[in-house]
Amino acid sequence: METRIQRIAIVTGGGDAPGLNAVIRAVVLASSRHGWECWGIRDGFNGLLAPDTCLGEPVLRLSLEAVHGIGHLGGTILGSTNRGNPLRYPVAGAGGMAEQDRSAELVGLCRQRGFDALVMVGGDSSMEIAACLQRQGLPVVGVPKTIDNDLDRTFQTFGFDTAAGFATECIDRLHTTADSQHRVMVVEVMGRYAGWIALHAGMAGGAHAILLPEIPFDLEVVADAIGRRDAAGRRHAIVVAAEGAQPLGGERARLAAPGGGHAERLGGIGAWVEAQLAGRTGKECRSVVLGHLLRGGSPSAFDRVTAARFGAAAVRALARGESGVMVALGGQEIGTVPLGEVAGRSKRVPVDGDMVRTARELGICFGDRVLPDAPQSVMTPA
Ligand code: F6P
């Protein structure tokens, strides 16, 4: 049964990911079939909570023309921010910066604008916000986005495939230079506290060692494995380090300036591993940080299609009167899961799962001391 929706809004929050524009386009096209008006909120919720900070109209009508030809473009035509969480909105106070809950005000602003429902595209923080707005009476459907692929209850988020694909291409290129110069190349990739990008790109790119946040590593183990590889006449090695990887008994590498919506900014593990491995192996080592390059560029075919399916599914959910849910990929089909089951949870690489097991069987080293009955890391891949 159709609900009496007339006008919906869409917002893209947190770090951008390839496929956001494909979601926006899908939401606009699909909602137009119901005769709904679709509006976009600029720069996360800043279009409503801090309109003066936005360039252009802070809340804009998304006509069919406005989304024409954007499905293959990276970024988001609406802009995004990870500084405008309405539950913990940064405000300047007498004693410095403080945080304020502006969620009730936000729901009021949505009502003033006549928004009957909201499609919220984002990562784990966005799903927490979506759950809160829903509890306050605003119907919300979440769409899972992040290159990190760390959202729970969906097989995959859009953005991840593009990021992992690009990281793979970079690793492919590093093989030839590392091989020519008999070097160890350390590749640092994003992913926060989950190692999905490192694991997928590392396996696809034929890395010899992969350092994951989920498996504390010992560089002596990695150095030994590189030594065995050297002894076998394989003079180069590729080590992929997830930005959140952590040495056994040590700390994650963090960047000095916090900033942004994340409690901590991760980064620097690649350079540290480079220096440590140079000392332990005596080999020439170099490191490269892929960083925000992983968030840029056009979405892959998979991400475009998944984003389009997510956007259309969000509209379908609202049309049948469903809200308080996130659209999710489960196997081949798109379904919905309650926001309460997603918010505040994260999906990390299962250390005893098939991917890690397969990687070990291929000889990839994770920097841990594998159990005697587990396949030994011999680092034999070419
Ligand atoms: O969550 C996406 C992500 O790109 C993480 O992989 C990374 O740690 C973080 O965002 C970087 O955030 P920022 O763009 O604020 O530096």
Side-chain angles (χ1 to χ4, degrees), residues 11-20 23 43-46 74-76 78-85 88-90 97 120-130 142-152 154 156-168 170 187-202 210-214 240-246 251-272 288-297 299-300 303 307 326 342-349:
V11 65
T12 54
D16 56 286
L20 282 166
V23 178
D43 297 344
F45 285 113
N46 281 344
T76 159
L78 293 176
S80 191
T81 177
N82 53 16
R83 284 175 173 272
N85 184 338
R88 292 180 280 281
Y89 202 84
M97 289 305 283
M120 177 141 196
V121 193
D124 51 354
S125 302
S126 295
M127 295 311 133
E128 186 194 351
I129 298 165
V143 175
K145 161 243 65 163
T146 168
I147 64 164
D148 304 338
N149 196 33
D150 60 353
L151 265 173
D152 205 14
T154 182
Q156 204 157 304
T157 54
F158 73 85
F160 169 69
D161 184 67
T162 309
F166 180 69
T168 302
C170 293
V187 190
E188 178 180 319
V189 296
M190 282 186 166
R192 277 213 285 169
Y193 308 116
W196 295 107
I197 298 176
L199 183 59
H200 278 247
I210 303 175
L211 307 179
L212 301 176
E214 292 84 355
V240 177
E243 63 178 359
Q246 209 170 347
E251 299 222 330
R252 290 197 173 92
R254 297 180 183 89
L255 297 172
H262 299 308
E264 56 183 2
R265 277 182 71 199
L266 301 174
I269 188 74
W272 185 78
V288 57
V289 181
L290 298 186
H292 292 82
L293 287 170
L294 298 179
R295 299 220 307 238
S300 66
D303 280 339
M326 180 186 84
V342 184
R345 295 168 59 133
S346 76
K347 183 180 68 180
R348 305 182 75 202
V349 172

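Whatever order the structure lists ligands and atoms in, that order sets their numbers, starting from 1.
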List the steps and the verdict of salt bridge (Lys or Arg N to Asp or Glu O under 4.0 Å) for R345 and E128.
CA-CA 9 Å; R345 295 168 59 133; E128 186 194 351; over 6 Å; no
By side-chain contact (heavy atoms from CB on, under 4.5 Å) - contacts of S126 (at least two apart):
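M120.
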Using side-chain contact (heavy atoms from CB on, under 4.5 Å) as the criterion, point out the one residue from V11, T76, L78, L20 that pairs with V121.
L20
Below 3.5 angstrom, do we get any N/O pair linking M190 and ligand 1?
no
Which of the numbered atoms in ligand 1 are below 4.0 angstrom from a heavy atom of [X]?
X	answer
E243	5 (C), 6 (O), 7 (C), 8 (O)
H292	13 (P), 14 (O), 16 (O)
N82	15 (O)

So is G191 in contact with ligand 1, going by heavy-atom distances below 4.0 Å?
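Distance cut 4.0 Å: G191 passes for ligand 1.
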Does the residue D148 have a heavy-atom contact with ligand 1, meaning some pair of atoms that are separated by less than 4.0 Å?
yes
Sub-4.5 Å side-chain heavy-atom contact between I269 and R252:
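They are not in contact (no side-chain heavy atoms under 4.5 Å apart), so the answer is no.
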Which pair of non-hydrogen atoms, one from M127 and one from V342, has the smallest distance, and what is that distance?
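M127 and V342 have their closest heavy atoms at CG-CG1, 4.1 Å.
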For D148, what residues pass the salt bridge (charged side-chain N to carboxylate O under 4.0 Å, His left out) criterion, not counting sequence neighbours?
R192
For atom 3 (C) of ligand 1, which candidate among R265, K145, R192, R295 holds the nearest heavy atom?
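It is R295 whose heavy atom sits nearest to atom 3 (C) of ligand 1.
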